[in-house]
Amino acid sequence: MAQQTGQVTDLFIIGGGINGCGIARDAAGRGLSVTLAEMNDLASATSSASTKLFHGGLRYLEYFEFRLVREALIERETLLRAMPHISWPMRFVLPYHDGMRFDSDTPTSRLLSTVMPWMRGRRPAWLIRLGLFMYDHLGGRKILPGTSALNLRSAPEGVPLQNRFETAYEYSDCWIEDSRLVVLNARDAEARGADILVRTEVLSAERVDDVWHVTIRDNQNDETRIVLAKMLINAGGPWVGDIIQEKIHVNSREGVRLVRGSHIVTHRLFNHDKCYFFQGEDGRIIFAIPYERDFTLIGTTDQDHPDPSVPPVCTESEQEYLCAFASKYFEQPVTREDIVWTYSGVRPLYDDGASSATAATRDYTLKVNGLGGAPVLNVFGGKITTYRRLAESALEKIAEYFPDLPGPWTAGVSLPGGDFPVSAVQDLIAGLEFDYAFLNRTWAERLVRAYGTEARAILADAKTAEDLGEEFGATLTEREMEWLVTKEYVRCAEDAIWRRNKLGLRLDADQIAAIQRWIEKRLAH
C-alpha cells in the first residue's frame with residue numbers, strides 16, 4: 001500500500017526537461033508550492049540532445065512563423081544576460097553561390113514560384129539578405145552584432161570550404177549548454193522551495209474530490225507513495241501523449257508529433273570559432289559548430305519517430321546523410337570514419353498536420369483541462385530558446401486557479417553562477433587562473449563555462465591540485481564530483497560525464513568505471 005502525504009502541493013509537474021524545470025522555477029518564484037518528478041535524470045531525453053543553440057530560427061521565416069522568430073530573437077539576449085557562463089555569442093557563416101538549387105515546399109518557395117516562376121528551386125541572394133535583415137531587426141537586438149558579408153577568397157572562414165563558394169553572409173546567434181541549463185533551472189527552483197525528485201516515476205494520477213492523487217515510485221529504492229496536488233502539469237516531452245492516455249486518463253484533442261533529430265561529432269574540421277550554416281538541396285539546413293575545443297558538431301536531421309519507448313539513435317543512414325551534406329561544402333570530405341560520437345533526441349512537436357517533419361511547427365501549445373475536477377495543463381511542443389516564455393505563458397494559463405498569483409519575474413534574473421556581465425567571462429577565467437595557480441587555461445575555462453562564479457565555491461580553499469582529491473581524468477576531480485552529487489542531482493557516471501559536462505569524449509572505460517564506483521560509494525554513505 002502506497003503511503004500518502006498529508007500536505008497538498010499547488011503544482012505537481014511531470015517531466016524534468018527544460019519545460020518542466022522552467023515552469024517549476026517560475027512557479028516556485030511566485031510562491032507556489034511545487035513538486036517535480038522526473039523518471040530518469042534531469043534532461044535525460046530531448047533537453048540534452050539539442051543542437052545547443054539559442055537561436056531565433058532563421059529558417060522558420062520561410063514558414064512565416066514571425067511571432068515565434070520574434071519571441072525567440074528577443075529571448076536570445078534575455079537568456080544570455082541571465083547565464084553568460086553556459087551561453088555565449090556565436091557568429092554563423094552562411095556560404096552562398098548563384099548556382100544553388102533547393103527542393104523546398106515552404107510557403108516562401110511556393111509564393112516565389114508563383115510570382116516569379118523562373119525562381120523555382122532557388123533562394124536568390126536578395127531573399128537571403130531580406131531574411132537576414134528581418135532576423136537582425138525583429139527582436140530588437142542590443143548585444144549581438146548584426147549581419148555582414150564575407151569574401152571567402154580572403155577570409156579564414158573560406159579556407160575549409162570548396163573554392164566554388166566566394167561569398168558568405170555572417171550573422172549572430174548564441175550557444176547554450178542545454179543540459180546544464182535544465183539543471184540550473186532545477187537548482188534555482190529548489191532554492192525557491194520546489195521539491196525536485198529525480199529517478200521518480202509517475203505510475204498514475206487520479207482526481208479525488210478536486211485534488212490530484214499522484215502515485216509515484218522512487219526507482220532507486222522502489223518505494224511508492226502518493227502525493228496530493230491542486231493541479232497537474234504534464235511536461236513529459238516525448239511522453240506527453242502517453243501520460244495523457246495511460247497515466248492521467250483525460251481527453252485531449254491535441255496531439256504530439258515526435259521528430260527525431262540526430263547529430264554527429266567529428267574530429268575538428270576547421271580552425272576558427274565560428275559556426276557554418278549549410279543549405280541543402282533537399283530544402284533542409286544543417287549546422288557545423290566548433291565543439292568542446294577539439295571537435296565539430298554537425299546536425300541535425302528531421303525524421304518522424306512514432307514510438308517514444310524506442311530509444312532514439314543516430315542511424316547509419318542519418319550519419320551518411322549528415323556526412324554527405326557537409327561534404328558538399330567542405331573541401332575535405334567528411335566520412336563516417338571521422339565520427340567520434342553521435343547522439344539523437346526526440347522533439348515532441350505540436351501536431352499541426354504538416355506534411356513533413358521538417359515543416360511541423362516549433363511553436364508551443366498549452367492546453368488546460370479542468371473537466372472532471374482538478375485541472376491539468378498539457379504542454380505540447382516548444383524549443384529550448386523560448387522555454388522561459390513558455391513557462392511564463394503556462395503561469396498565465398493557470399493563474400485563474402491561484403488567486404493573487406504574482407506576475408512574471410524571471411526576465412533578467414540570473415541562474416546559479418551567472419551573476420556577472422556577459423563581457424566579463426574572460427576576466428572571470430583569468431581571475432580563477434591567478435587565484436588558483438595550479439589551474440591551466442583550459443581547466444579554468446572549463447570550470448567557468450560550467451559553473452560561472454560558483455567555480456570558486458567548488459575550488460574553495462584548495463592550494464594545489466592534490467587538495468581537490470582523486471583525479472579521474474580530463475581535469476575532473478573528487479571535489480567537483482562531490483558538488484555534482486550533492487548540488488546537481490548526479491546519481492551515476494553517465495549523468496556526470498554526458499549531461500553535466502561532455503568529458504565522456506575524453507575519458508576511457510577504466511576512468512568512467514572509477515567515477516561510477518566513486519558515486520556508488522558516495523551515495524551509500
Side-chain angles (χ1 to χ4, degrees), residues 25 52-54 75-91 142-145 172-188 191 272-275 289-295 384 388 410-465 467-469 471 474-484 486-488 490 496-497 499-503 505-506:
R25 180 198 184 213
K52 326 296 184 193
L53 299 176
F54 276 156
E75 278 298 284
R76 283 184 319 185
E77 297 197 2
T78 301
L79 298 173
L80 179 60
R81 289 188 182 95
M83 53 196 81
H85 50 329
I86 62 169
S87 181
W88 53 88
M90 184 174 280
R91 294 291 277 172
K142 294 181 176 66
I143 298 175
L144 303 175
S172 292
D173 266 323
C174 294
W175 176 265
I176 177 61
E177 298 287 354
D178 54 3
S179 51
R180 289 209 59 75
L181 173 66
V182 178
V183 170
L184 294 184
N185 270 272
R187 283 188 56 213
D188 202 46
H272 58 77
D273 61 358
K274 295 179 182 178
C275 167
I289 312 173
Y291 190 59
E292 296 289 321
R293 290 196 331 274
D294 300 320
F295 306 96
I384 198 165
R388 193 196 65 82
T410 56
V413 178
S414 63
L415 287 172
D419 50 339
F420 61 95
V422 175
S423 59
V425 174
Q426 295 307 316
D427 290 342
L428 211 61
I429 295 169
L432 214 60
E433 275 190 285
F434 182 82
D435 292 339
Y436 297 92
F438 56 88
L439 295 178
N440 58 32
R441 183 72 175 185
T442 301
W443 192 355
E445 183 174 5
R446 184 182 74 77
L447 291 175
V448 168
R449 283 305 189 190
Y451 307 106
T453 55
E454 291 188 324
R456 290 180 177 273
I458 295 172
L459 296 170
D461 58 354
K463 297 291 188 286
T464 67
D467 291 338
L468 301 177
E471 204 270 332
T475 71
L476 182 62
T477 64
E478 189 172 2
R479 182 82 64 87
E480 186 175 350
M481 284 301 308
E482 181 70 21
W483 177 275
L484 293 175
T486 59
K487 302 280 190 181
E488 297 196 0
V490 161
I497 66 171
R499 285 184 287 276
R500 304 309 181 272
N501 55 60
K502 291 295 182 287
L503 293 180
L505 288 166
R506 305 177 188 280

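Contact record, L468 with L459: CD1-CD2, 3.9 Å, taken as the closest heavy-atom pair. Shortest non-hydrogen contact noted between L181 and N185 is O-ND2, 2.9 Å. Closest approach of P84 to V422, counting heavy atoms only: CB-CA, 3.9 Å. A pairwise comparison of heavy atoms in V413 and A82 identifies O-CB, 3.6 Å as the closest pair. A455 approaches L432 most closely through the heavy-atom pair CB-CD2, 3.9 Å. Taking all atoms of both residues into account, the shortest heavy-atom contact from K502 to R499 is NZ-CA, 4.3 Å.
The residue from L184, D178, V448 that alone fulfils the side chain to side chain contact (heavy atoms under 4.5 Å, CB included) condition with I86 is L184. Of the candidates L53, I143, L144, L144 is the only one forming a side chain to side chain contact (heavy atoms under 4.5 Å, CB included) with C174. A salt bridge (charged side-chain N to carboxylate O under 4.0 Å, His left out) with R446 holds for exactly one of E480, E433, E177; it is E480.
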| field | Audit row: Y436, W443, side chain to side chain contact (heavy atoms under 4.5 Å, CB included) steps and yes/no | value | CA-CA 11 Å; Y436 297 92; W443 192 355; over 6 Å; no

| message | Please evaluate residues R449 and W88 with respect to the criterion side chain to side chain contact (heavy atoms under 4.5 Å, CB included), reporting the C-alpha separation (whole Å), side-chain torsions for both, the decisive distance (0.1 Å), and the verdict. | response | CA-CA 9 Å; R449 283 305 189 190; W88 53 88; 3.3 Å; yes

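Taking the charged nitrogens against the carboxylate oxygens, D273 and R91 have no contact shorter than 4.0 Å, which rules out a salt bridge. Salt-bridge annotation for E488 and R180: present, with a side-chain N of the basic residue lying under 4.0 Å from a carboxylate O of the acidic one. Checked for salt-bridge contact, R388 and E75 meet the test: a charged N lies under 4.0 Å from a carboxylate O.
The shortest side-chain heavy-atom distance between R456 and D435 falls under the 4.5 Å cut-off. The shortest distance between side-chain heavy atoms of V183 and R500 falls below 4.5 Å. Using a 4.5 Å cut-off on side-chain heavy atoms (C-beta onward), F54 and D173 make no contact. Two residues are said to be in side-chain contact when any heavy atoms from C-beta on lie closer than 4.5 Å; M90 and I289 meet this criterion. Using a 4.5 Å heavy-atom threshold, the side chains of D294 and R506 count as touching. The side-chain heavy atoms of D188 and R25, taken from C-beta on, include a pair separated by under 4.5 Å. Between H85 and F420 there is a side-chain heavy-atom pair separated by less than 4.5 Å.
For the atom pair CG (D461) and CG (D467), the distance works out to 7.0 Å, reported to the nearest 0.5 Å. The structure places CG of L80 at 13.0 Å from NZ of K142, a figure rounded to the nearest 0.5 Å. To the nearest 0.5 Å, atoms CE (M481) and OG1 (T477) are separated by 9.5 Å.
The main-chain N or O of I458 is found under 3.5 Å from a side-chain atom of R479 such that the two form a donor-acceptor pair. When atom types are taken as modelled, the side chain of S172 and the backbone of P145 share a donor-acceptor pair closer than 3.5 angstrom. Judged by distance alone, the side chain of E77 and the main-chain N or O of R81 form no donor-acceptor pair under 3.5 Å. In this structure, the side chain of S87 does not engage the main chain of I176 through any donor-acceptor pair within 3.5 Å. Here the side chain of N501 pairs a donor or acceptor atom with the backbone of A496 at under 3.5 angstrom. For Y451 (side chain) and P416 (main-chain N/O), no donor-acceptor pair under 3.5 Å exists by modelled atom type.
Within a 6.0 Å radius of NZ in K487, no more than 12 heavy atoms belonging to other residues, nucleotides or ligands are found.
Counted by atom type alone, S414 and D419 present zero donor-acceptor pairs between their side chains at under 3.5 Å.
W175 and Y291 have tilted rings, their planes meeting at an angle from 30° to 60° on a 0 to 90° scale.
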